Amino acid sequence: MSKLNYKHLHYFWMVAKTGSISRASEQLHLTPQTISGQLSLFEEIQGEALFRKSGRNLELTEAGQLVLSYADDIFALGQELEEVLHHRPTARTVQLRVGVSDALPKTLAYRLLEPALKLEQTLRINCREGKLEVLLADLATHKLDVVMSDSPMPASANVRGYSHQLGECGISFFATGTLLQQYPQAFPANLDAAPFLLPGEDAALRARLLQWFDQQGLHPRIAGEFDDSALMSAFGQAGAGIFAAPTVVADMIMRQYDLQLLGQTDEIREQFYAISVQRKLTHPAVLAISRAARIDLFAMGEE
DNA sequence: TCTGGTACCTTCGGTAACTG
DNA sequence: CAGTTACCGAAGGTACCAGA
């Protein structure tokens with residue numbers, strides 16, 4: 001049985017961090033051929049190529065990305081041990097690398113992540129926003145621990161992942177006071193012919209809204225389409241149109257953007273998911289998010 | 001397009017320290 | 001003391017880039 005050589009792992013880690021053998025050799029005060037040789041040996045023992053050549057430099061393979069994610073934790077822990085041994089007490093820090101789909105309202109993203117901030121352990125959140133497909137690619141290469149999205153893992157995605165539903169709620173519609181006065185009819189008739197800000201094609205909410213408009217015989221005037229929910233809210237705040245968001249964050253949106261509520265419906269349901277590469281959620285912060293989100297939404301009578 | 005310079009990685013052969 | 005491991009110097013291969 002092969003044993004992990006931590007010296008090899010350290011050389012690998014330094015090469016991965018610096019992006020080249022020559023730069024790593026400067027950091028480690030060794031010659032490049034030593035690093036190269038030890039790295040080859042490490043790859044041979046592990047039975048996996050960890051780097052591939054990219055021009056003059058090296059880039060990590062998928063296996064390399066996986067090893068790096070573990071090496072980061074191992075050497076962070078080592079550094080922490082040194083600090084403890086040198087009588088510098090330090091709180092144990094848990095790192096959470098989370099990707100937030102840009103279709104997910106930012107206020108909701110915060111609301112979902114909030115339970116993780118209340119963990120007893122010190123948490124460092126590394127939060128990234130982007131298109132779901134890009135975030136899922138990063139999840140597959142272990143650059144992210146979890147992806148928060150308004151839709152489950154797409155069947156077409158070329159990534160192995162598991163969708164964990166955190167909850168669901170109805171939809172609320174918001175507008176500025178000035179815009180609201182121009183459409184005084186009762187909800188939802190006041191949406192008819194009103195300027196409307198529609199979520200982009202990546203958002204799960206978009207299709208549900210369009211279908212609901214059709215069922216209700218409503219014909220809002222589409223004033224804009226937005227992939228980014230924060231951008232859509234900003235346009236809504238400026239009076240460019242009415243927009244929809246999950247009811248669970250209605251209060252936060254009205255406070256944050258100084259908007260008024262047109263109406264609410266439970267006929268459209270917005271769902272929230274945590275997507276991970278593991279069937280079971282194991283990261284302590286993600287577990288906290290998962291548990292708290294379900295309880296919180298249930299308590300509000302929304303699930 | 002060719003050529004020379006530069007940067008980077010790998011292989012080979014050898015040495016020194018460590019281990020059982 | 002033989003085998004193993006880690007290391008280094010020299011040399012060679014590959015990729016990139018600038019200038020003719």
Side-chain angles (χ1 to χ4, degrees), chain A residues 1-100 102 122 124-147 156-161 202 227 275-278 282-283:
Chain A
M1 189 181 77
S2 66
K3 286 184 179 175
L4 184 64
N5 183 324
Y6 286 92
K7 195 169 240 182
H8 290 170
L9 186 66
H10 189 224
Y11 294 166
F12 159 82
W13 184 63
M14 195 57 79
V15 173
K17 288 289 171 195
T18 59
S20 86
I21 288 180
S22 57
R23 281 191 289 273
S25 67
E26 286 170 15
Q27 295 283 319
L28 294 164
H29 305 292
L30 295 168
T31 58
Q33 58 270 37
T34 296
I35 308 290
S36 175
Q38 298 295 296
L39 208 51
S40 299
L41 202 57
F42 186 48
E43 289 181 321
E44 191 183 324
I45 291 167
Q46 301 311 318
E48 289 265 16
L50 304 177
F51 290 100
R52 72 171 76 88
K53 292 205 76 168
S54 172
R56 289 178 187 175
N57 294 312
L58 300 175
E59 64 180 25
L60 287 164
T61 61
E62 196 173 326
Q65 296 277 2
L66 177 63
V67 174
L68 178 62
S69 69
Y70 278 89
D72 278 337
D73 290 344
I74 288 168
F75 292 116
L77 206 57
Q79 192 175 355
E80 192 181 307
L81 174 61
E82 276 189 51
E83 286 170 359
V84 169
L85 288 174
H86 287 85
H87 309 294
R88 282 181 287 167
T90 170
R92 180 78 188 274
T93 300
V94 174
Q95 190 179 14
L96 175 66
R97 299 163 301 176
V98 54
V100 178
D102 51 15
T122 310
R124 184 189 299 170
I125 288 188
N126 185 341
C127 207
R128 281 187 42 210
E129 186 200 358
K131 284 192 174 294
L132 182 59
E133 59 184 77
V134 176
L135 297 176
L136 289 176
D138 285 346
L139 184 71
T141 53
H142 303 275
K143 288 178 186 168
L144 292 173
D145 296 310
V146 67
V147 171
S156 59
N158 192 22
V159 174
R160 181 186 286 183
D202 289 343
D227 286 337
I275 303 172
S276 72
V277 289
Q278 290 166 307
T282 54
H283 195 291

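Just so you know, these numbers use all the heavy atoms, side chains as well, and skip hydrogens, waters and symmetry mates. Order of the sequence lines fixes the chain letters, A, B, ..., with proteins taken first and strands second; residue numbering starts at 1 for each chain. These numbers come from a predicted model, not from an experiment.
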Check whether any side-chain N or O of Thr31(A) sits under 4.0 Å from OP1 or OP2 of dC8(C), and answer yes or no.
-> yes

What's the CG-P distance between Leu39(A) and dC7(C), to the nearest Å?
-> 13 Å

Just how far, in rounded Å, is C1' of dC8(B) from CZ of Phe51(A)?
-> 14 Å

Atom pair distance, as rounded to whole Å: NE2 in His10(A) and P in dT5(C) | 21 Å

Evaluate side-chain contact (heavy atoms from CB on, under 4.5 Å) for Phe51(A) paired with Val15(A), printing each intermediate quantity in order.
-> CA-CA 10 Å; Phe51(A) 290 100; Val15(A) 173; 3.5 Å; yes

Using a cut-off of 4.0 Å on non-hydrogen atoms, how would the nucleic acid contact of Ile35(A) be classed: base, sugar-phosphate, or nothing?
-> nothing

Atom CD of Glu43(A) and atom P of dC9(B) are separated, to the nearest Å, by 13 Å

Can you sort out the partners of Leu135(A) under side chain to side chain contact (heavy atoms under 4.5 Å, CB included), two or more places apart, ordered by chain and number?
-> Arg128(A), Leu144(A), Val147(A)

Please walk me through it: do Leu30(A) and Tyr11(A) pass side-chain contact (heavy atoms from CB on, under 4.5 Å)?
-> CA-CA 10 Å; Leu30(A) 295 168; Tyr11(A) 294 166; 3.4 Å; yes

Applying salt bridge (charged side-chain N to carboxylate O under 4.0 Å, His left out) to Glu129(A) and not counting sequence neighbours gives Lys106(A)

Of all residues at least two apart in sequence or in a different chain, which pass the salt bridge (charged side-chain N to carboxylate O under 4.0 Å, His left out) check with Lys17(A)?
-> Asp72(A)

How close or far is atom C1' of dC8(C) from atom CD1 of Ile21(A), stated in whole angstroms?
-> 15 Å

So, is Ser36(A) close to the dT10(B) phosphate, meaning a side-chain N or O under 4.0 Å from OP1 or OP2?
-> yes

Check: protein-nucleotides 10-12 of chain C nitrogen or oxygen pairs below 3.5 Å:
none

Tell me, please, which residues at least two apart from Glu59(A) pass salt bridge (charged side-chain N to carboxylate O under 4.0 Å, His left out).
-> Arg52(A)

Looking only at side-chain N and O atoms, does Ser20(A) come under 4.0 Å of OP1 or OP2 in dC8(B)?
-> no

Taking only residues two or more places apart in sequence, or in another chain, which ones meet Asp202(A) in a side chain to side chain contact (heavy atoms under 4.5 Å, CB included)?
-> Lys131(A)

Here the distance between atom P of dT10(B) and atom CD of Gln38(A), to the nearest Å, is 13 Å

Nearest-angstrom distance from the residue atom CG of Leu28(A) to P of dC8(C) = 10 Å

Distance test, side-chain N/O of His8(A) to OP1/OP2 of dA6(C), below 4.0 Å | yes

Phosphate-side-chain proximity, Tyr11(A) and dT5(C), N/O vs OP1/OP2 below 4.0 Å = no

